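Note that the structure is a prediction, hence the values are computed from the model and not measured. Atoms considered below: every heavy atom in the structure, side chains included; atoms not considered: hydrogens, waters and symmetry mates.
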Amino acid sequence: MSATQLAVLALSVACIGLQLWKGRGAERIAAVAFLVALLVTPLVDDLQVGSLRWGVGLLAVGLFATLVWLSLAVERWWLVAAAGVQLLSIATYLIVLLNPDVQVWASVSFRIVVWTELMMIGLFGVWECRAAPYAQPTPVAL
């Protein structure tokens, strides 16, 4: 494992851990989705047709769907940003599908950058759920 891979893994573990520890419900659901994507990706990495890694692509679509659902269900700006960034990742799979001559290493490298952005946005999400007035839990009236 390279130093870059170790750094991205350390960032991922720290961000997901912080979301699970300090986040509210939406942040925790997103953290579980990130964790599933992180852990299952190596298991489905070999599922491919030509240069299209459809197993990892389906995971990316599932993560995108989760982020979109959360952004529609909960008032958090970070979820909207995360869903938009994840859509960029899905676009790389579509580009490879439409043009198989695209350099696979370029799209994989781009997805690593997107993943790093997702983790950084997730850190913002922990801050948002703690600091923003609209993200505070409402007391239950009896």
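A donor-acceptor pair is defined here as one N or O able to donate and one able to accept, closer than 3.5 Å; such a pair exists between the side chain of Gln5 and the backbone of Ser2. Panel note: side chain Gln86, backbone Ala60; a donor-acceptor pair is recorded below 3.5 Å. A donor-acceptor distance shorter than 3.5 angstrom exists from the side chain of Glu128 to the backbone of Trp78, with no hydrogens or angles considered.
Here Leu88 contributes atom CG and Phe64 contributes atom CZ; the two are 10.0 Å apart, rounded to the nearest 0.5 Å. Interatomic distance, Cys129 SG to Glu75 CD, rounded to the nearest 0.5 Å: 13.5 Å. Distance check: Leu47 CG to Leu58 CG gives 9.0 Å after rounding to the nearest 0.5 Å. Atoms CG and CG, from Leu94 and Leu87 in turn, are 8.5 Å apart once rounded to the nearest 0.5 Å. The CZ atom of Phe34 sits 9.5 Å away from the OG atom of Ser12 when rounded to the nearest 0.5 Å.
Summarising the geometry of Leu63 relative to Ala33, their closest heavy-atom pair is CD1-CB, 3.7 Å, with the distance given to 0.1 Å. Smallest separation of non-hydrogen atoms from Leu123 and Cys15: CG-SG, 3.4 Å. Contact detail for Leu59 and Ala37: the closest heavy-atom pair is CD1-O, 4.3 Å. Listed here is the closest heavy atom pair of Ala135 and Arg24: O-NE, 3.5 Å. Of all non-hydrogen atoms in Leu67 and Ala30, the two that sit nearest each other are CD2-CB, 4.3 Å.
The closest side-chain heavy-atom distance from Phe110 to Trp115 is not below 4.5 Å. Put simply, the side chain of Ile29 reaches to within 4.5 Å of the side chain of Trp69, judged on heavy atoms. Between Ser71 and Arg76 there is no side-chain heavy-atom pair separated by less than 4.5 Å. Counting only heavy atoms from C-beta outward, the side chains of Leu11 and Met120 approach each other to under 4.5 Å. A 4.5 Å side-chain heavy-atom check between Leu38 and Leu9 finds at least one atom pair inside the cut-off.
Under the 4.5 Å side-chain heavy-atom criterion for ILVMFWY residues, no single connected hydrophobic cluster contains both Ile121 and Trp77. Linking Ile, Leu, Val, Met, Phe, Trp and Tyr residues whenever their side-chain heavy atoms come within less than 4.5 Å leaves Val44 and Val61 in two separate clusters. Cluster annotation: Val74 is not connected to Leu72 through the hydrophobic network of ILVMFWY side chains, with a link wherever side-chain heavy atoms come within less than 4.5 Å. Transitive grouping of hydrophobic side chains (ILVMFWY, heavy atoms separated by less than 4.5 Å) brings Tyr93 and Val36 into a common cluster. In the hydrophobic clustering of this structure, Val113 does not group with Leu118; members are Ile, Leu, Val, Met, Phe, Trp, Tyr whose side-chain heavy atoms approach within less than 4.5 Å, directly or through other members.
Using a cutoff of 4.0 Å between basic side-chain nitrogens and carboxylate oxygens, Glu27 and Lys22 are not scored as salt-bridged.
Inspection of the Ser89 and Arg111 side chains reveals no N or O donor paired with an N or O acceptor under 3.5 Å. No side-chain N or O of Arg130 forms a donor-acceptor pair with one of Gln136 less than 3.5 Å apart.
Between Ile16 and the choices Val13, Leu18, Leu20, the side chain to side chain contact (heavy atoms under 4.5 Å, CB included) rule is met once, by Leu20.
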